[in-house]
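Everything on this sheet refers to the single structure shown next.
Labels below follow one simple rule: chain letters A, B, ... track the order of the sequence lines, proteins then strands, and each chain is numbered from 1. Keep in mind it's a predicted model, so treat the numbers as computed, not measured.
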Amino acid sequence: MIIPMEFYARDPAIVAKELLGMYIVRVLGSKKLVCKIVETEAYYGVEDPASRARRGGDLARALYDGVGIAIVYGMHRQWLFNIAAHEEGSGGAVLIRACEPIEGIEVMMKLRNTTRLRDLTSGPGRLCKALAIDKSFHWKPVYVEKYGLWIEHGEKIPSDLVCESYRIGVKQDLDRPLRFYIKGNYFVSKL
DNA sequence: CGCCAGATTGACT
DNA sequence: GTCAATCTGGCGG
């Protein structure tokens with residue numbers, strides 16, 4: 001079952017937490033790729049020093065005007081995949097940091113050019129490559145099937161398996177944990 | 001058009 | 001564990 005747009009119209013931290021265990025579905029021609037989300041991070045608007053909203057431009061607009069849309073942008077020679085998620089009148093998004101390959105693993109290995117399962121999708125840049133997510137998905141809604149990329153309800157993660165920590169790789173983090181991951185999952189990018 | 005910073009990755013001093 | 005490659009986006013000129 002596909003997740004409706006309203007799901008994303010809430011605080012980014014809540015959305016990030018609840019996205020754990022959900023499935024990313026990607027249709028590539030006749031192939032179908034499915035991954036379970038195991039690690040996410042929440043980003044806010046201009047009040048967040050790590051948010052691209054601070055820099056203005058198109059990304060800031062996506063963070064504020066879009067809800068339930070993909071925000072794809074490049075850095076360190078790869079793509080980063082976010083979903084715009086925030087309450088009315090503010091800005092924010094959820095970064096998908098890692099996921100677990102469920103279906104279409106062969107295809108992902110080909111796209112990633114590796115046979116190491118652990119390396120397939122255990123990192124924000126890696127999972128984009130494994131799922132063939134690029135700039136063309138920027139600003140496309142993930143609550144419809146039309147574009148070949150959407151999020152579906154998946155496994156319910158018991159709350160005692162949901163961990164939180166500070167965000168990874170962020171120079172200036174906020175004073176509270178905004179990274180969420182499934183405890184003990186093999187594909188979480190970092191403990 | 002050039003400059004700079006950054007939510008990373010993969011190869012190996 | 002350490003380190004440098006190399007890309008995108010925003011901004012100034």
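For residues 71-83 of chain A, proximity to DNA chain C is found at A:Gly74, A:Met75, A:His76, A:Arg77, A:Trp79, defined as any non-hydrogen atom under 4.0 angstrom from a strand atom. The stretch residues 170-184 of chain A has no heavy atom under 4.0 angstrom from DNA chain C at all. Applying a 4.0 Å cut-off to non-hydrogen atoms, the residues of residues 38-51 of chain A that approach DNA chain B are A:Tyr43, A:Ala50, listed by residue number. Across residues 116-142 of chain A, A:Lys135 each have a non-hydrogen atom less than 4.0 Å from an atom of DNA chain C (numbered order).
Note on residues 82-92 of chain A: no pairs pass side-chain hydrogen bond (donor to acceptor under 3.5 Å, both in side chains), not counting sequence neighbours. Pairs of residues two or more places apart, or lying in two chains, that qualify as salt bridge (charged side-chain N to carboxylate O under 4.0 Å, His left out) and include a residue from residues 114-142 of chain A are A:Arg116-A:Asp119.
Under the 4.0 Å criterion applied to side-chain N and carboxylate O atoms, A:Arg176 and A:Glu164 are not assigned as salt-bridge partners.
Between the side chains of A:Glu155 and A:Tyr23, at least one donor N or O lies within less than 3.5 Å of an accepting N or O. For the residue pair A:Tyr166 / A:Arg179, no side-chain donor-acceptor distance below 3.5 Å is found, with atom types taken as modelled. Side chains of A:Tyr43 and A:Glu41: a donor on one and an acceptor on the other come within 3.5 Å.
The other residues sharing a hydrophobic cluster with A:Leu174 are A:Tyr44, A:Leu178, where clustering joins ILVMFWY side chains under 4.5 Å apart. Taking Ile, Leu, Val, Met, Phe, Trp and Tyr as hydrophobic and joining them when side-chain heavy atoms fall under 4.5 Å apart, one finds A:Ile14 isolated, its cluster having no other members.
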Enumerate donor-acceptor pairs with a distance under 3.5 Å from any side-chain N or O in residues 92-105 of chain A to protein atoms, sequence neighbours excluded.
| unit_1 | atom_1 | unit_2 | atom_2 | d |
| --- | --- | --- | --- | --- |
| A:Arg97 | NE | A:Glu39 | OE2 | 3.1 |
| A:Arg97 | NH2 | A:Ser189 | OG | 3.3 |
| A:Glu100 | OE1 | A:Asn185 | ND2 | 3.0 |

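A cation-pi arrangement is present between A:Arg10 and A:Phe7, with the terminal nitrogen or guanidinium carbon under 6.0 Å from the aromatic centre and inside a 45° cone about the axis.
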Using Watson-Crick and G-U wobble pairs whose two distances are both under 3.5 Å, how do you write the pairing of DNA chain B as dot-bracket, with | for links to another strand? ||||||.|||||.
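Contacts between chain A and DNA chain B, taken as any atom within less than 4.0 angstrom of a protein heavy atom, begin and end at B:dA5 to B:dG10.
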Between N or O atoms, less than 3.5 Å apart, protein on one side and nucleotides 11-13 of chain C on the other: list the pairs.
| unit_1 | atom_1 | unit_2 | atom_2 | d |
| --- | --- | --- | --- | --- |
| C:dC11 | OP1 | A:Arg55 | O | 2.8 |

